[in-house]
Amino acid sequence: MPEKPTIDGLEERWSTVWQEQGTYAFDRSKTRDEVYSIDTPPPTVSGSLHVGHVFSYTHTDTIARYQRMRGREVFYPMGWDDNGLPTERRVQNYYGVRCDPSLPYEPTFEPPDKPGKQQVPISRRNFVELCERLTAEDELTFEALWRRLGLSVDWSMTYATIDEASRTASQRAFLRNLARGEAYQAEAPTLWDVTFRTAVAQAELKDEERAAAYHRITFRRPDGGGIDIETTRPELLPACVALVAHPDDARYQPLFGTHVSTPVFGVQVPVVAHRLADPEKGSGIAMICTFGDTTDVTWWRELQLPTRAILGRDGRVVADQPPGLDSAPAREAYARLAGLTVHSAREAMVGLLRESGDLVGEPRPIMHMVKFYDKGDKPLEVVTSRQWYIRNGGRNEVLRDALVARGHEITWHPSFMRSRYENWVQGLNGDWLVSRQRFFGVPFPVWYALDSDGNPIYDTPLTPDESLLPVDPSSECPSGYTADQRDVPGGFTADPDVMDTWATSSLSPQIVSGWARDEDLFARVFPMDLRPQGHDIIRTWLFASVVRAHTEFGTVPWKHAAISGWILDPDRKKMGKSAGNALTPVGMLEEHGSDAARYWAASGRPGTDTAFDASQMKIGRRLAIKILNASKFTLTFGPEENLALVTEPLDQSLLAELSGVVDRATKAFDGYEYTRALEVAESFFWAFCDNYVELVKERAYGARGEAAATSARATLATALSVQLRLFAPFLPFVTEEVWSWWQTGSIHRASWPSVDELAVGQGDPAVLSASSVALSALRKAKSEQKLSMRAELAAATVSGPEAEVTSVEAAAEDLRAAGHVLGALVFVPDDTPQLTVTVTLPS
RNA sequence: GGGCGCAUAGCUCAGUUGGUUAGAGCACCUGCCUUACAAGCAGGGGGUCAGGGGUUCGAGUCCCUUUGCGCCCACCA
């Protein structure tokens, strides 16, 4: 025991010891019912960890530590999300390379020392290798932070979402989805990001308000009259395939079934009726283009309209005019748009309309909501492309209901988060689009045979045997083919796409559990106990995980979902967005200490947003220091914990009270209310220090003989042991430090305190509570007289309800010592409702 | 437009099936060098529980309603 204990440096010391001694190592000999398994969220390594990570990962760690002390073998791996676009961009910039999947693999490739102006094109495999090299460095930094924070992770069990096990699991799950008909491909219009040149899924959308303008444009009726429509996308006029109005709209009913001609291009398009047309909007009649937005897609599909697509995957107007624009003026007009971006094409189109006189008035500026890819900054377009989908209930009621039902099998913390899940599932409007036209990611393990003209035969994809996974179809051959048959007629071609990052991370329970890789482990940990995560990714990570477990195993992936809230700035803005609040987690831990930061984090309940609050960390730091000091003091009386020696009513009372605290903290933790568990322990601890320790101090020193002293000492040691264990999940460093002063082994492998170990016969909590009230009254008398707490009193009288007075009397000598009452201390029951203490000051 | 959540002391928040006089910490004020801790300790002031209505012997808590804030979804011609 140090002379002057300090919390500084405990992080380095104990994180090293825990690693050396394998304190948190998972014992895989345990069976499923003995295990508590956690599906840790893999942080994105290409970004940096922020304060919010410290916050939410601490929550999970308190639960892990509690379960471990309860005797569960905790399966608590850590993953790294190094898959997907953020990593791809970081690698491009860091090494000055870009991925070109058509290139062959170069085993000896080394990136330039300094990224040059021109990015070096490299093969997918080379690119993936660079991703792995860079993320390996990032992962070390992350791990160091987590160790410093004290996460009780088994660091021998890390995984990465681009590593071989993850690629294998992703491809295996996909092949099984495909075999069961749960995965399919379709050529269809999909939302498309022109910057990243990839399709995006419904779950990855965000809405933003943007400036636009209504353009009023005149179409020509057969009788020569005009009909005006309003559009924000005049550049799509050459893509117009129909006009649409509501079936009940009397203004346009006479036109249904007739044709009108488009201005400038003179294309004949039908006037059709559809319920989605809003009579209140614009002129009540809209032009349908292929494709301006998802409503266009609905109209196009349901009304079986022709396709006249003009936007390419790069977001520019394609060179060749679409079918129907065959007249010379149409071709001439189209040529002025070809090759332009959407923005430029719009200006050009407005010019054309002015020339032809078909623009009515001036464009009218408006603000409206536009769909964006959540990582993109250009509005999404709709482009037709061949994509892979996984059925998620978006087009099938039976499956949708089954997935909603799975949501009921999960215990949500807090419970209302389930409605977010249900809202999302019930609002799905299509299946899950899982293919992305990117390079760094898990490739689809699929090839297509090429016919004699070199066209892929999509209906019968070629797939590898599962034993060969993972495969890279761009560098490996399908069974029965040789490399020289790649991309030649009669040969084969690789599916060029990679999977959506969620297609991999949705399998995190399977990946960490060793599905199809380590079936022994899998049987011991899956389905898992806990998925901790943020509420922003319920619709993505959580839902997709449920889909994958449902289809493959017919089960939920975990029993509990703990949904953490946001970390907000002190000014209640979401943290991390603005530049002014760039507080690094390392800086926070260095400044306040890990236990203190964890104390603050533990004050955030599941699902509740919490403001960053340095003052909370100061309180946590104070608590940790107090624990050191109080422990040191307590242990000066010896470590004897024998309850048979606890004979004094006050001591028995203390242990009875503590027993109730243990009960409440345990119930709170069982309900995932770690915040309450901490609060219960903390409030008891301060009262323990301020009242109980003060009352028994003199007796423990031996003022009233050996038996009375022994009773106090055994109580102090027992209460300390129990309280340290109550704090251990929250303050792992300081509790471990104190534990090491007189116990063997780690406190984090000690057993959670039980009510049974505090059974001391007829302990009456009232003795302590009434004595504490009396002690406070003595202090108040001194405080009001501006006396030192050590000032002596000539006499004191305790009066009030008989039960309370009797309770105080049971600890009379302790009260006398703590209050420094020299003379008479008398007890007078009376009819007053409250305990009253009157004192006589020394003359 | 649909769904979910929040509103309690100057600040951050507890308040567990409805039950004495609504709590804690921070901040503030007044004191105290007290041999575990001055990074400490003791004491104190401070609230119409967002507004209104209802149920009840009794409402911060249950019901209805209004207002304000936050989030999710839908709508996007």
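Since this is a predicted model, take the numbers as computed values, not measurements. Here is how names work: the chains are called A, B, and so on, in the same order as the sequence lines, proteins then strands, and each is numbered from 1.
Between Ala717(A) and Thr634(A), the shortest heavy-atom distance links the atoms N-CG2, 4.1 Å.
Nucleotides rA7(B) and rG54(B) have their P atoms positioned 24 Å apart, rounded to a whole Å. Straight-line distance between the P atoms of rC62(B) and rC6(B): roughly 10 Å, to the nearest whole Å. Atom C1' of rC49(B) sits at a distance of 13 Å from the matching atom of rC13(B), rounded to the whole Å. Nucleotides rG19(B) and rG25(B) are separated by 27 Å at their C1' atoms, to the nearest Å. Rounded to a whole angstrom, the distance from the P atom of rG15(B) to that of rA50(B) is 15 Å. With C1' as the reference atom, rG18(B) and rG10(B) are 30 Å apart, rounded to whole Å. rU17(B) sits 42 Å from rA36(B) when the C1' atoms are compared, rounded to a whole Å. Rounded to whole Å, the P atom of rA9(B) lies 25 Å from the corresponding atom of rU66(B).
Here Phe372(A) pairs with nothing under the ring-ring contact (aromatic ring centres under 6.0 Å, His included) rule; sequence neighbours left out. Looking at residues two or more places apart in sequence or on another chain, you find no ring-ring contact (aromatic ring centres under 6.0 Å, His included) involving Phe684(A). With sequence neighbours excluded, the residues satisfying ring-ring contact (aromatic ring centres under 6.0 Å, His included) with His59(A) are Phe55(A), Tyr674(A). Residues passing the salt bridge (charged side-chain N to carboxylate O under 4.0 Å, His left out) test with Glu280(A): none are found, sequence neighbours excluded. Remark: Glu657(A) engages no residue in a salt bridge (charged side-chain N to carboxylate O under 4.0 Å, His left out) (not counting sequence neighbours).
Comparing rG44(B), rU30(B), rC37(B) against the side chain of Lys626(A) picks out rC37(B) as the nearest. Side-chain proximity of Asp207(A) to rC75(B), rA42(B), rA36(B): nearest is rC75(B). The side chain of Arg779(A) approaches rA42(B) more closely than any other nucleotide in the set rC37(B), rA39(B), rA42(B). Set against rC75(B), rA36(B), rU34(B), the side chain of Lys371(A) has rC75(B) as its closest nucleotide. For Gln202(A), counting side-chain heavy atoms from C-beta on, the closest listed nucleotide (rC75(B), rA74(B), rA36(B)) is rA74(B). Residue Asn629(A) has its side chain nearest to rA36(B) when only rA42(B), rA39(B), rA36(B) are considered.
Here rG40(B) presents its C1' atom at 9 Å from CH2 of Trp686(A), a figure rounded to the nearest Å. Between the CD atom of Glu682(A) and the P atom of rC13(B) there is a distance of 16 Å, given to the nearest Å. Nucleotide rA38(B) holds its P atom 13 Å from the CG atom of Leu628(A), rounded to whole Å. In this structure, CG of Leu205(A) is placed 10 Å from P of rC75(B), rounded to the nearest angstrom. Phe372(A) has its CZ atom 16 Å from the P atom of rC76(B), to the nearest Å. As rounded to whole Å, 15 Å separates atom P of rC37(B) from atom CG of Leu635(A). When the P atom of rU30(B) is taken as reference, atom CG of Leu787(A) falls 18 Å away, rounded to whole Å. The CD1-C1' distance, from Ile7(A) to rA39(B), rounds to 9 Å in whole Å.
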Polar atom pairs (N or O), protein with nucleotides 1-6 of chain B, under 3.5 Å:
unit_1, atom_1, unit_2, atom_2, d
rG3(B), O2', Asn423(A), ND2, 3.0

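By the neighbour-count criterion of 12 heavy atoms within 6.0 Å, atom CZ of Arg395(A) is sparsely surrounded, having that number or fewer from other residues, nucleotides or ligands. Atom NZ of Lys667(A) sits in a sparse spot, with 12 or fewer heavy atoms from other residues, nucleotides or ligands closer than 6.0 Å. Around atom NZ of Lys632(A), more than 12 heavy atoms belonging to other residues, nucleotides or ligands sit under 6.0 Å away.
Using bins of under 30°, 30° to 60° and over 60° for the plane-to-plane angle, the ring pair Phe669(A)/Phe730(A) lands in the parallel bin.
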Exercise. Just by protein heavy atoms under 4.0 Å, how would nucleotides 18-27 of chain B read 5' to 3' in B, S and -?
Worked result: ---B---SS-

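Across all strands, Met789(A) comes closer than 4.0 Å to base atoms (heavy-atom distances). Nucleic acid contact class of Ala277(A) (heavy atoms, under 4.0 Å, all strands): base. Heavy atoms of Lys782(A) sit nowhere under 4.0 angstrom from any nucleic acid atom. Across all strands shown, Cys289(A) has no heavy atoms under 4.0 Å from either base or sugar-phosphate atoms.
Among pairs with a residue in residues 285-296 of chain A, none fulfils side-chain hydrogen bond (donor to acceptor under 3.5 Å, both in side chains), at least two apart in sequence or across chains. Contacts classified as side-chain hydrogen bond (donor to acceptor under 3.5 Å, both in side chains) and involving residues 617-630 of chain A (residues at least two apart or in different chains) are given here: Asp8(A)-Arg621(A).
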Side-chain donor-acceptor pairs of residues 686-695 of chain A under 3.5 Å, sequence neighbours excluded:
unit_1, atom_1, unit_2, atom_2, d
Asn691(A), OD1, Arg779(A), NH1, 3.2
Tyr692(A), OH, Asp651(A), OD1, 2.6
Glu694(A), OE2, Lys697(A), NZ, 3.4

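Remark: Ser788(A) is not in phosphate contact with rC33(B), judged by side-chain N or O atoms under 4.0 Å from OP1 or OP2. OP1 or OP2 of rG44(B) lies within a sub-4.0 Å distance of a side-chain N or O belonging to Lys780(A). Of the side-chain N and O atoms in Thr295(A), one or more sit less than 4.0 angstrom from OP1 or OP2 of rC76(B).
Ring centers of Trp432(A) and Phe543(A): at least 6.0 Å apart, outside the cut-off.
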Exercise. If you write RNA chain B from 5' to 3' in dot-bracket form, with Watson-Crick or G-U pairs under 3.5 Å, [ ] for crossing pairs and | for pairs with another strand, what do you get?
Worked result: (((((((..((((.....[...)))).(((((.......))))).....(((((..]....))))))))))))....

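Side chain of Thr675(A) to main chain of Ala602(A): a donor-acceptor pair is present (N/O by atom type, distance under 3.5 Å, no hydrogens or angles).
Of all the residues in residues 669-680 of chain A, Arg676(A), Glu679(A) reach under 4.0 Å from RNA chain B with at least one non-hydrogen atom.
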